[in-house]
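The first residue of the sequence shown is numbered 1, and numbering continues consecutively from there.
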Amino acid sequence: MVSDGKRKKRDRKSKTQTTLDPTSSTINDEVFSVNNVEIVNSTTPTSAKKHENRRGRPKKRPKHSPEKPEKPPPIINGEIGVAPPVEVVNRVVPEMDAVVKVFCVHTEPNLSLPWQRKRQYSSSSSGFVISGRRVLTNAHSVEHYTQVKLKKRGSDTKYLATVLAIGTECDIGKDSSFRVVFLDILAISLRVFTIFCVKTLLTVNDDEFWEGVSPVEFGELPALQDAVTVVGYPIGGDTISVTSGVVSRIEILSYVHGSTELLGLQIDAAINSGNSGGPAFNDKGECVGIAFQSLKHEDAENIGYVIPTPVIKHFIQDYERNGSYTGFPFLGIEWQKMENPDMRMAMGMKSDQKGVRIRRIDPTAPESEVLQPSDIILSFDRVDIANDGTVPFRHGERIGFSYLISQKYTGDNAVIKVLRNSTTLEFDIKLSTQRRLIPPHVKGKPPSYYIIAGFVFTTVSVPYLRSEYGKEYELEAPIKLLDKLLHSMPQSPDEQIVVVSQVLVADINIGYEDIVNTQVVAFNGKPVKNLKSLANMVENFDDEFLKFDLEYDQIVVLRTKTAKEATVDILTTHGIPSAISDDLKP
């Protein structure tokens with residue numbers, strides 16, 4: 001390709017001087033203007049033009065030109081005029097001074113050896129200041145805490161903090177096919193104190209911590225493709241970090257192994273370890289959520305999750321209303337979609353009726369007194385439910401009807417319309433929190449245990465399964481325990497799954513050494529309701545033989561007197577301070 005300069009040299013010289021077109025791609029190095037184009041004076045000598053277009057470096061102008069030509073006005077939209085002033089756009093900067101670094105020392109209970117605690121360890125995460133001289137972060141940031149400290153941005157001082165409330169219920173669990181489980185997510189409120197004394201917690205506020213810090217303001221739920229900025233203290237450095245992205249998905253997520261369904265945001269901003277608990281800001285500098293985890297999988301890239309403001313506000317308002325965190329309410333049912341037309345016809349539904357069918361009802365839930373299996377739920381609080389279980393959300397969006405339940409508080413009433421035997425009924429139901437047969441958390445309490453003749457009895461929880469079988473307990477734990485975890489409902493409010501955790505080997509228990517994590521069904525013919533009832537029955541039993549009925553039709557028989565005598569020696573051998581945990585003692 002031949003350049004424009006070369007082409008002009010080979011062509012015949014034009015007899016008339018032409019004015020440069022401002023849109024022309026041929027621009028001399030000496031010509032500058034607002035639009036990078038300047039009109040050349042038509043009186044410029046032809047010889048000058050000739051020298052300017054020759055090969056090589058252009059000839060420089062003299063330093064002191066006797067006559068400096070006046071700069072012509074710029075061309076704007078094809079007309080000569082005055083350029084408007086440049087508009088300065090001030091972008092809203094998030095209140096990063098409100099973002100703090102959270103330091104915590106953790107001491108977890110040893111659920112496999114429930115009379116001990118594990119070695120303490122330290123962690124750091126992020127948090128941010130909200131109104132009322134409080135700080136918000138994630139629950140796992142201070143889980144099993146023994147000491148919590150906060151450090152402000154640019155400060156070298158760490159301030160002691162005390163925990164006001166923990167909302168461990170708001171935990172996210174992702175699809176097990178990814179083998180990733182996000183636990184212990186969301187929301188803890190902290191108040192700063194400067195004095196921590198044994199036996200007494202002195203609530204002396206340190207005003208220095210709050211100086212120069214403005215609380216973060218909460219914004220509305222963002223829309224798809226809205227920009228978000230995640231601020232926190234992730235790994236890789238000690239200073240504050242800022243990453244940005246957009247909202248890529250808004251949907252109901254299954255929290256705590258399906259026990260609660262709450263709203264969640266998916267974003268494509270980077271969220272790394274240590275970012276957890278930090279705020280996610282919108283373009284107005286308002287907080288629209290709390291960063292908590294990213295999905296790391298070979299088939300997934302740039303997937304992060306944020307707890308949105310509706311969930312955060314619910315937690316805060318719950319604490320303010322009740323003085324403690326009571327949890328999200330639930331509707332104690334399992335339901336089935338009614339998308340099949342034959343099923344709808346068989347259930348007596350009219351063509352204009354939509355809803356979902358009740359499969360099972362939690363016997364401990366208040367709604368078990370009025371609702372029945374095979375009832376069709378048509379609406380919740382006057383909002384119609386579709387055959388797929390969704391309700392209108394925002395323009396062009398639908399969301400699971402459990403979102404309506406999550407907007408309520410424990411103790412609130414809700415109007416539920418059902419179709420039963422082709423008859424429409426309405427019930428005013430008081431909502432309560434859910435109690436799982438196998439609880440997803442121990443909530444900081446020491447584990448319960450009871451020991452007799454080397455048999456260690458304890459209760460099953462998700463942390464216990466994780467302690468026994470590791471992070472992939474959903475693949476490694478006994479199938480019967482997993483079935484109870486996923487599908488079983490408690491028949492009474494105090495029902496527990498009691499198991500023989502292990503057998504501490506001694507002469508008294510020869511032949512029973514291989515019994516591990518097996519459920520205790522009955523003691524001497526009486527059903528075992530919970531661990532406390534089992535301990536009371538054994539302690540108060542005076543007959544000759546102790547007989548335990550286990551799962552899989554196994555039995556354990558021990559002589560009563562010999563078993564109680566051997567227990568003292570076994571405790572001494574293993575350095576166990578007591579045969580029974582404090583919460584089970586009379």
Going by side-chain hydrogen bond (donor to acceptor under 3.5 Å, both in side chains), name the residues that satisfy it together with Asn110, two or more places apart in sequence or in a different chain.
none
Measure the acute angle between the ring planes of Phe380 and Phe401, then classify it against the limits of 30° and 60° as parallel, tilted or perpendicular.
tilted
Residues which pass side chain to side chain contact (heavy atoms under 4.5 Å, CB included) with Lys149, listed by chain and number, not counting sequence neighbours
Phe103, Gln147, Lys158, Leu160
For residues 485-492, which side-chain donor-acceptor pairs fall under 3.5 Å, sequence neighbours excluded?
{"unit_1": "Gln491", "atom_1": "NE2", "unit_2": "Met489", "atom_2": "O", "d": "3.2"}
{"unit_1": "Ser492", "atom_1": "OG", "unit_2": "Asp494", "atom_2": "OD1", "d": "3.1"}

Taking NZ in Lys151 as the centre, count heavy atoms belonging to other residues, nucleotides or ligands within less than 6.0 Å. Is the count above 12?
yes
Where Val213 and Ala98 come nearest, the two heavy atoms and their spacing
CG1-CA, 4.0 Å
With sequence neighbours left out, what residues match Arg398 under salt bridge (charged side-chain N to carboxylate O under 4.0 Å, His left out)?
none
Where does the angle between the aromatic ring planes of Phe218 and Phe128 fall among parallel (under 30°), tilted (30 to 60°) and perpendicular (over 60°)?
perpendicular
Checking side-chain hydrogen bond (donor to acceptor under 3.5 Å, both in side chains) against Ser141, which of Ser123, Ser124, Ser125 comes through?
Ser125
Which class fits the ring pair Phe209 and Tyr159: parallel under 30°, tilted 30 to 60°, perpendicular over 60°?
perpendicular
Within a reach of under 6.0 Å around CD of Glu320, are more than 12 heavy atoms found that belong to other residues, nucleotides or ligands?
yes
Check this for me: Gln407, atom CD, are more than 12 non-hydrogen atoms of other residues, nucleotides or ligands nearer than 6.0 Å?
yes
Under 3.5 Å: donor-acceptor pair, side chain of Thr107, backbone of Gln120:
no
Salt bridge (charged side-chain N to carboxylate O under 4.0 Å, His left out) partners for Lys152, two or more places apart:
none
Across all chains, not counting sequence neighbours, the ring-ring contact (aromatic ring centres under 6.0 Å, His included) partners of Phe455 are Tyr512
Test of understanding: with ring-ring contact (aromatic ring centres under 6.0 Å, His included), list the residues that count as partners of Tyr233, not counting sequence neighbours.
none
Under 3.5 Å: donor-acceptor pair, side chain of Ser126, backbone of Gly277:
no
Is it the case that the side chains of Tyr469 and Asn517 hold a donor-acceptor pair, with the cut-off being a distance below 3.5 Å and no angle test?
yes
Are the side chain of Asp268 and the backbone of Val246 linked by a donor-acceptor contact shorter than 3.5 Å?
yes
Please list, chain by chain and in numerical order, all residues satisfying salt bridge (charged side-chain N to carboxylate O under 4.0 Å, His left out) with Glu397, sequence neighbours excluded.
Arg394
Apply side-chain hydrogen bond (donor to acceptor under 3.5 Å, both in side chains) to Asn413 and list each qualifying residue two or more places apart in sequence or on a separate chain.
none
Where is the tightest heavy-atom contact between Gly219 and Glu286, given as atom of each residue plus distance?
CA-OE1, 3.5 Å
Sequence neighbours excluded, which residues qualify as side-chain hydrogen bond (donor to acceptor under 3.5 Å, both in side chains) partners of Ser448?
Asp583
Can you list the residues that meet the salt bridge (charged side-chain N to carboxylate O under 4.0 Å, His left out) rule with Arg117, with sequence neighbours excluded?
none
Quick one: side-chain hydrogen bond (donor to acceptor under 3.5 Å, both in side chains) partners of Lys585, sequence neighbours excluded?
Asp582
Flag yes if more than 12 heavy atoms outside Lys430 fall under 6.0 Å of its NZ atom; otherwise flag no.
no
